[in-house]
Amino acid sequence: MWNAGYVSEVDYIYGYFSELAPIRLEFALLSRGISHDVGERPNYLELGFGQGLSLNINAATSSGQFYGTDFNPSQAAYTAQVARAGGKPIRIFDDSFEEFARRSDLPQFDIIVLHGIWSWVSEDARQAIVDVVRTNLKPGGILYVSYNCKPGWSPIEPLRHLLNLHAAKAATGGLISRVGESLDFAQRLVDTNSGYFAQYPAIGEMVKSIGKLDRNYVSHEYFNRHWLPESFSEVSARLAEAKMDFAASASLIDNMPGLGVPAHCQDLLAGISDLALYETTRDYLVNRQFRRDIYVKGKRHLTGAEVADRLEAYNFLALADAEELPLSLATAAGSATLREDIYKPVWTAIRSAAGELISFSKLCETVTADGISRTQLAEALFVLTGRGDLAPATRSADPDGDVAASVALNHELCRRSKYIAGASSLAAPRIGAAVTVGRVQQLVLLALWEGEKDIDGAVWNWLSAQNERLMREGNVLETEEENLGEIRKIRADVEERLLPLLERLGACPVA
Ligand SMILES: C[S@@+](CC[C@H](N)C(=O)[O-])C[C@H]1O[C@@H](n2cnc3c(N)ncnc32)[C@H](O)[C@@H]1O
């Protein structure tokens with residue numbers, strides 16, 4: 001069977017992950033002062049692209065040639081259809097990783113990414129991934145890999161085992177219904193407060209929170225035949241077979257010295273010189289469950305002056321609206337407080353651009369007057385990007401092409417949201433990434449772009465044709481009047497706030 005125990009009975013969710021964007025990968029490496037050899041028009045490969053949203057958005061918003069493989073033919077066909085609407089050619093394969101590794105018609109890739117794959121596939125598939133990276137990633141190339149890690153997942157392994165056993169032996173119906181029955185079974189066990197469930201109270205919380213998640217996601221995350229959380233030391237040793245060196249986390253906040261590690265553990269960690277022991281121990285200190293790692297084939301450190309020069313190539317755009325930013329920052333270690341004397345002037349300088357891009361050198365010039373050094377400014381920009389308050393941008397090799405492709409892709413994504421609550425991101429070519437845009441917002445945009453006279457009425461007609469209703473404060477709105485009222489509010493926000501932002505991002509045709 002082609003799916004090799006991988007869940008293929010239900011569709012995977014339509015996720016977009018900004019970490020996979022070429023610009024974000026390069027920016028994350030810069031945050032750790034690591035060099036790479038990715039040019040302006042990289043060959044980019046995504047292994048296991050799911051519904052292909054990240055791949056399609058990356059292809060539309062960045063220069064280069066984009067490739068992807070996912071052995072699920074329905075997902076490969078869907079991704080190819082959406083790609084055609086975007087107009088930038090993407091080479092889509094429905095090969096398994098094992099088949100893909102045997103191909104002789106592939107180029108040398110500059111970037112290979114795989115998100116949500118490594119822990120959920122067979123040993124043969126993992127070996128094929130290592131083979132592709134060993135053979136097809138060029139020296140200086142970047143690899144992004146995310147995976148479930150120890151020790152965060154260790155106590156949950158027995159729960160996952162029991163859920164699967166129950167789904168296979170006692171539950172009935174299709175996968176989604178079996179998942180539901182198995183979760184009910186787990187809840188009854190939690191309620192006994194006995195044995196394992198009494199020993200690990202967090203398991204009860206876990207069962208409750210899994211119960212609230214999208215069932216398609218839960219099927220893929222917990223009900224796959226393969227599920228192997230590993231330590232950083234195990235994964236990095238495996239990737240060393242493909243000559244890969246760990247370089248940075250794609251979670252920018254984790255790359256900042258002092259953030260992401262509890263303060264009282266920092267001296268202990270500082271005494272560890274071996275990288276594998278350091279990173280693994282760090283995961284134990286924050287009980288990490290999931291890693292988003294960036295590797296480079298042949299790691300080379302940049303000097304301070306090189307980092308400074310490379311930062312000069314970046315512009316920044318505010319995504320957050322607030323006049324003042326919260327100083328409390330969520331980190332892997334809990335939380336940290338940002339220094340007001342640095343972050344306040346930096347944010348004021350970014351906002352002075354009034355929603356336009358502002359260059360690193362201009363920011364530098366502005367904040368020097370507040371006594372902020374280039375290094376402090378750079379760190380603040382990495383942290384604020386990590387939190388999603390702003391986005392970095394570089395000059396694209398093909399800016400007009402990116403805008404045209406992104407506008408076409410966004411139109412297609414909005415058109416598809418008439419029928420299904422799919423992608424909740426739209427391509428934003430000026431920042432080489434995406435922005436979050438919900439389904440009803442997309443339908444308002446669609447109505448505006450298609451010149452509908454009665455915008456609210458058009459949105460309501462599309463939703464009601466699918467038997468869909470809006471929600472307010474967790475309650476479904478039943479009457480047409482209530483739904484139209486809610487749509488009106490969303491339209492006002494789209495017109496006042498979202499549309500101007502999307503126009504600045506090159507994400508939609510300028511009115
Ligand atoms: C959990 S999903 C992640 C999808 C996507 N990367 C994302 O994060 O949205 C895993 C994907 O890998 C694909 N896949 C699993 N095993 C594979 C294999 N051996 N060869 C090719 N694709 C595989 C599945 O079809 C599925 O789309």
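All values reported here derive from a predicted model rather than from experimental measurement. Just so you know, ligand 1 is whichever comes first in the structure, and atom 1 is the first atom listed for that ligand.
In terms of polar-atom proximity, defined here as any N/O pair under 3.5 Å, Thr69 makes no such contact with ligand 1. Checked against a 3.5 angstrom limit, the closest N/O atoms of Ser96 and ligand 1 fall outside it. Backbone and side-chain nitrogen or oxygen atoms of Phe17 are examined, and none is located within less than 3.5 angstrom of a nitrogen or oxygen of ligand 1. Taking any N or O of Ile117, backbone or side chain, none lies under 3.5 Å from an N or O belonging to ligand 1.
Residue Asp95 places a heavy atom under 4.0 Å from ligand 1. The shortest heavy-atom distance from Glu99 to ligand 1 is not under 4.0 Å. The shortest heavy-atom distance from Tyr14 to ligand 1 is not under 4.0 Å.
Applying the 4.0 Å criterion to heavy atoms of Phe49 picks out, from ligand 1, the atoms 5 (C). Each of the atoms 19 (N) of ligand 1 lies under 4.0 Å from some heavy atom of Ala125. Atoms of ligand 1 lying under 4.0 Å from any heavy atom of Gly50, numbered from 1 in the order shown and given with element: 4 (C), 5 (C), 27 (O). For ligand 1 and Asn72, the ligand atoms under 4.0 Å from any heavy atom of the residue are 25 (O). Heavy-atom contacts of Glu46 reach the following atoms of ligand 1: 6 (N) (cutoff under 4.0 Å). When each atom of ligand 1 is checked for a heavy atom of Val121 under 4.0 Å away, the hits are 15 (C), 16 (N). Atoms of ligand 1 lying under 4.0 Å from any heavy atom of Gly116, numbered from 1 in the order shown and given with element: 1 (C), 2 (S), 3 (C), 10 (C). Under a 4.0 Å criterion applied to the non-hydrogen atoms of Glu98, ligand 1 contributes the atoms 19 (N).
Paired with Asp402 under the rule salt bridge (charged side-chain N to carboxylate O under 4.0 Å, His left out), one option of Lys88, Arg430, Arg41 passes, and it is Lys88.
Taking the six-membered ring for Trp and the full ring otherwise, Phe100 and Phe93 have centroids separated by under 6.0 Å. With ring centers used as reference points, Tyr67 lies under 6.0 Å from Phe109.
Annotation for Glu241: atom CD counts as buried by contact number, over 12 foreign heavy atoms lying within 6.0 Å. At most 12 heavy atoms of other shown residues, nucleotides or ligands fall within 6.0 angstrom of atom NZ in Lys243. Within a 6.0 Å radius of OH in Tyr200, no more than 12 heavy atoms belonging to other residues, nucleotides or ligands are found.
Salt bridge annotation for Arg32-Asp254: absent, with no cationic side-chain nitrogen under 4.0 angstrom from a carboxylate oxygen. Under a 4.0 Å N-O distance rule, the pair Arg238/Glu123 qualifies as a salt bridge.
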Can you list, pair by pair, the side-chain donor-acceptor contacts under 3.5 Å of residues 129-137, counting residues two or more places apart and other chains?
residue	atom	partner	partner atom	Å
Asp131	OD1	Gln127	NE2	3.0
Thr135	OG1	Asp131	O	2.8

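The closest side-chain donor-acceptor pair between Tyr44 and Asn58 falls under 3.5 angstrom.
Nearest-heavy-atom check against atom 5 (C) of ligand 1 across Pro73, Gly48, Ser219, Gly15 picks out Gly48. With distances taken over non-hydrogen atoms, the option nearest atom 27 (O) of ligand 1 out of Asp70, Leu114, Leu47, Leu53 is Asp70.
Within the 4.5 Å cutoff, no side-chain heavy atoms of Leu159 are placed close to those of Tyr222.
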